[in-house]
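Can you read through this structure? Questions will come right after.
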There are 2 protein chains.
Amino acid sequence: MDTQFGIMIRTLRVGLNLYLRQVAPLLQMDTAQLSKIEKGQRQLKREQIPLLASILKADQNDLLTLWLADQLYEIVKDEKLGSKAIQVIEEKIKKRKH
Amino acid sequence: MDTQFGIMIRTLRVGLNLYLRQVAPLLQMDTAQLSKIEKGQRQLKREQIPLLASILKADQNDLLTLWLADQLYEIVKDEKLGSKAIQVIEEKIKKRKH
DNA sequence: ATATATTTGCCAAACTTCGACAAGTCAATT
DNA sequence: AATTGACTTGTCGAAGTTTGGCAAATATAT
């Protein structure tokens, strides 16, 4: 049930010696929720990523990338055709570029 | 608002000279819903894909792949970091194999 | 035992998607 | 220009899912 995003933000938070209690209010949530987010049981709202990145002194694009990757993974995690589906959108996105 | 899945099943249906009116009841829905599904405004339930594949004489894996690709695309379609996120899960899925 | 940090369980509120129906458009036919 | 048949669109309540907030539980250190 772990997520790459959750693991990353926990690592960053702990690295900065911050407690859930300190970070959660900055995101207007309680510690229980942030705990769940770090453990991948809840999703942080997309629009809160920049704020969290600044709190954790991280690159917001890096965090967003992990967050998106988790959303994608959720869809294909139990699908044997997952890789194939990924190839299909990869193509589609390439074509759409610019 | 088009989806690859929707375009495909419409193409197949039309190719078989079937009307929405004929196909929809086999999926236990009305024509309006199937029309929306073909136009990408509603999602077919994952578990109905095999039945639809058999109605349309298509390979169910092929349809499922497109269906999954549409779900993935929905997440990254407006994201400039989409390709990066896709690379990230692609890696993750490779590692998980077997 | 107490204090602090985190986790878990629960449930109502908020949000999203779906199903069903009615009314609408469009093209061909009479 | 009225009718018919195929498909589309809009609406709206129902059903389903996710979230937020609280209280209690656990864990660890003092």
Side-chain angles (χ1 to χ4, degrees), chain A residues 1-52 55-56 63-64 66-79, chain B residues 1-52 55-56 63-64 66-79:
Chain A
M1 197 191 245
D2 287 356
T3 56
Q4 306 206 49
F5 179 81
I7 291 165
M8 175 59 72
I9 66 174
R10 170 149 299 186
T11 304
L12 291 167
R13 176 176 64 78
V14 170
L16 292 170
N17 291 298
L18 296 171
Y19 300 127
L20 289 176
R21 169 169 65 73
Q22 299 174 283
V23 176
L26 302 175
L27 296 165
Q28 319 211 76
M29 63 179 68
D30 71 359
T31 61
Q33 273 173 99
L34 186 52
S35 170
K36 284 169 191 169
I37 289 167
E38 289 184 349
K39 306 193 92 211
Q41 289 158 10
R42 287 277 199 291
Q43 300 300 131
L44 184 69
K45 289 216 181 75
R46 213 219 94 121
E47 65 269 23
Q48 304 208 82
I49 293 172
L51 173 57
L52 182 55
I55 295 167
L56 298 178
L63 287 189
L64 177 53
L66 292 181
W67 185 93
L68 288 170
D70 288 339
Q71 316 300 304
L72 295 174
Y73 186 67
E74 192 54 29
I75 289 172
V76 296
K77 62 169 193 261
D78 300 323
E79 297 287 351
Chain B
M1 199 191 245
D2 287 356
T3 56
Q4 307 207 48
F5 179 80
I7 290 166
M8 175 60 73
I9 65 174
R10 169 149 299 186
T11 303
L12 291 167
R13 176 177 63 78
V14 170
L16 293 170
N17 291 299
L18 295 172
Y19 300 128
L20 290 177
R21 170 167 63 75
Q22 299 175 284
V23 175
L26 302 174
L27 297 165
Q28 320 211 76
M29 61 179 68
D30 71 1
T31 61
Q33 274 173 97
L34 186 51
S35 170
K36 284 170 188 166
I37 289 168
E38 288 184 348
K39 306 195 92 210
Q41 288 157 10
R42 284 277 200 292
Q43 299 301 130
L44 184 70
K45 288 217 182 77
R46 213 218 93 120
E47 66 269 24
Q48 294 193 291
I49 293 172
L51 172 56
L52 182 55
I55 294 167
L56 299 178
L63 287 189
L64 178 53
L66 292 181
W67 185 92
L68 288 169
D70 288 338
Q71 316 298 305
L72 295 173
Y73 186 67
E74 190 54 26
I75 289 172
V76 295
K77 62 170 193 264
D78 299 324
E79 296 287 352

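Numbered from 1 within each chain, the chains take letters A, B, ... in sequence-line order.
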Quick one: how far along DNA chain D does chain B reach, first to last nucleotide 5' to 3', anything under 4.0 Å to a heavy atom?
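Contacts span D/dA6 to D/dT11, reading 5' to 3'.
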Could you list the residues that satisfy side-chain contact (heavy atoms from CB on, under 4.5 Å) with A/Arg13, not counting sequence neighbours?
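Residues passing side-chain contact (heavy atoms from CB on, under 4.5 Å) with A/Arg13: A/Arg10, A/Leu18, A/Leu20, A/Val23, A/Glu38, A/Leu56.
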Could you pull out all residues at least two apart from B/Asp30 that satisfy side-chain contact (heavy atoms from CB on, under 4.5 Å)?
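Here the qualifying residues are B/Ala32, B/Gln33.
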So for atom CD, which belongs to B/Glu47, do other residues, nucleotides or ligands contribute more than 12 heavy atoms lying within a distance under 6.0 Å?
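Above 12, so yes.
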For A/Asp70 and A/Trp67, run side-chain contact (heavy atoms from CB on, under 4.5 Å): C-alpha distance rounded to whole Å, both residues' side-chain angles, the deciding distance at 0.1 Å, then the answer.
CA-CA 5 Å; A/Asp70 288 339; A/Trp67 185 93; 5.6 Å; no
Got a sec, which residues hit side-chain contact (heavy atoms from CB on, under 4.5 Å) with A/Gln48, two or more places apart in sequence or on another chain?
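Per chain and number, A/Gln48 pairs via side-chain contact (heavy atoms from CB on, under 4.5 Å) with A/Leu27, A/Met29, A/Leu44, A/Lys45.
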Would you call A/Leu51 and A/Leu26 a side-chain contact if the rule is heavy atoms closer than 4.5 Å?
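Heavy-atom side-chain distance check fails, nothing below 4.5 Å.
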With a cut-off of less than 4.0 Å, is there a side-chain N or O of A/Arg13 near OP1 or OP2 of C/dA5?
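Result: no.
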Looking only at heavy atoms, what is the nearest atom pair of B/Leu63 and B/Phe5, with distance?
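Taking every non-hydrogen atom into account, O-CD1, 3.5 Å.
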Phosphate OP1/OP2 of C/dT7 contacted by A/Ser35 side-chain N/O (<4.0 Å):
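Yes.
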With the criterion being N/O to N/O and under 3.5 Å, what pairs connect the protein with nucleotides 16-23 of chain C, and how long is each?
{"residue": "C/dG19", "atom": "OP1", "partner": "B/Lys45", "partner atom": "NZ", "Å": "2.7"}
{"residue": "C/dG19", "atom": "OP2", "partner": "B/Gln33", "partner atom": "OE1", "Å": "3.0"}
{"residue": "C/dG19", "atom": "N7", "partner": "B/Arg42", "partner atom": "NH2", "Å": "3.3"}
{"residue": "C/dG19", "atom": "O6", "partner": "B/Arg42", "partner atom": "NH2", "Å": "2.9"}
{"residue": "C/dA20", "atom": "N6", "partner": "B/Lys36", "partner atom": "NZ", "Å": "3.4"}

As an exercise, state the distance from CD1 of A/Ile9 to CG of A/Leu34, rounded to the nearest 0.5 Å.
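A/Ile9 atom CD1 to A/Leu34 atom CG measures 5.5 Å (nearest 0.5 Å).
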Kindly indicate whether the side chain of A/Glu79, heavy atoms from C-beta on, has any atom under 4.5 Å from the side chain of B/Arg46.
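Yes - at least one pair of side-chain heavy atoms lies under 4.5 Å apart.
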Under 4.0 Å from any atom of DNA chain D, heavy atoms only: list the residues of residues 17-24 of chain B that qualify, in numerical order.
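The answer is B/Tyr19, B/Leu20, B/Arg21.
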For a side-chain contact (heavy atoms from CB on, under 4.5 Å) check, start with the C-alpha distance between B/Met1 and B/Gln41, then their side-chain angles and the critical distance, and finish with the verdict.
CA-CA 7 Å; B/Met1 199 191 245; B/Gln41 288 157 10; 2.9 Å; yes
